[in-house]
Amino acid sequence: MHVIGGSASTALAERISRELGNAPFGIPFTKRFPDGELYLRVGGRLEGDDVVVVQSTRTDADLIELLLLEDAVREAGARRTFVVVPYLGYARQDRRFFPGEPVSARALSRHVELDADAVVTVDLHSSQTLTHFRKPAFEASGIPALGRLLRERPVDLLVSPDKGGIDRTKRMAQLLDRPWMALDKRRIDSDHVELSLPAGGGPSLAGKAVVLLDDVITTGGTIVEASRLLKRHGVGRVTAACTHGLFLRDAFERIKAVTDEILSTDTLLNPAEKGSVAPDVAQILLREFPA
Ligand code: R5P
């Protein structure tokens, strides 16, 4: 098996290649044409071999690079192409909320899988998105990677900033054998949220080491407000932990100012990327597609 890392996921791709028993790893040669279009070329002897292409699609340019990589790998004669998209962009528009809108998650899934024999992604906004793929598609979880980090830190209580994150928080609470609770969240607009403790106040917070767990941190609005709320109620230490750390604009600095530590996995490049989903992605590939 060969592993090729796109520019959005080079380090993670190399980690995946190590988890696949030191599979040969490479990155494509890339340059821009005068009109800005991307040129790329993959190296290595890929003919007749299985190839894993790893590329998050946070930006539109990342998506174009992934589509070109898949086509290049097919042209190079790969036996099977496994596409790993650690962060699948556009996945949050997973329904048509108003007439005239696309189901963006479906549009992306269908294109990403075009030249793939299977797709592996991590912590989709909604696992329903898996149903849009026509090829075999798998979702790895960021929980084991964050769990490996949290085991080495003080944790008294796991907190989900909203009801939507309850399943994830429960899974982490089970893994670490700790209690959990969920806050009530009301989104005002894409940058602002209002948060409150659950009815009845939940467990005692005074002096506790709390982990705020989310699938994605985008503007940071949710985590900043959640951390402020918890600290107002006497929490001793707040760790913000997420699978996908987008940290738009000054989100990282704003969260840093109100928390004690920020942890994320390596599905996206960011300053909090301390845990890796590589073992979990590799496990799926080895289990589903043995040589
Ligand atoms: C919401 O459904 C998600 O789980 C996150 O809580 C949300 O996307 C975080 O966004 P932000 O960082 O902009 O508050």
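The structure presented is a predicted model; accordingly, all values stated were derived computationally and were not measured. For ligands, and for the atoms within them, numbers begin at 1 and follow the listed sequence. Below, each value reflects all heavy atoms present in this structure, side chains not excepted, and no hydrogens, waters or symmetry copies.
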Give me each pair satisfying side chain to side chain donor-acceptor pair (under 3.5 Å) with a member in residues 204-221, each pair once, sequence neighbours excluded. R92-T218

Can you tell me the protein heavy atom closest to atom 6 (O) of ligand 1 and the distance? D214 OD2, 2.6 Å

Nearest non-hydrogen protein atom to atom 8 (O) of ligand 1, with distance, is V216 CG1, 3.7 Å

Spell out, as yes or no, whether a donor-acceptor pair under 3.5 Å connects the side chain of R178 to the backbone of Q174. no

For I262, does its backbone N or O pair with a side-chain atom of K274 as donor and acceptor, under 3.5 Å? yes

N or O contact, [X] vs ligand 1, cut-off under 3.5 Å:
| X | result |
| --- | --- |
| R168 | no |
| I223 | no |
| H125 | no |

Please tell me if the side chains of V84 and V119 come closer than 4.5 Å, counting only heavy atoms from C-beta onward. no

What part of R187, side chain from CB on, backbone N/CA/C/O, both or neither, has a heavy atom under 4.0 Å from ligand 1? side chain

Is it the side chain, the backbone, both or neither of T222 that has a heavy atom closer than 4.0 Å to ligand 1? both

Would D215 count as a contact of ligand 1 if the rule is a heavy atom under 4.0 Å away? yes

Could you check whether any heavy atom of G220 sits closer than 4.0 Å to an atom of ligand 1, since that is the contact criterion I want to use? yes

So, are D49 and R79 salt-bridged, with charged N and O less than 4.0 Å apart? no

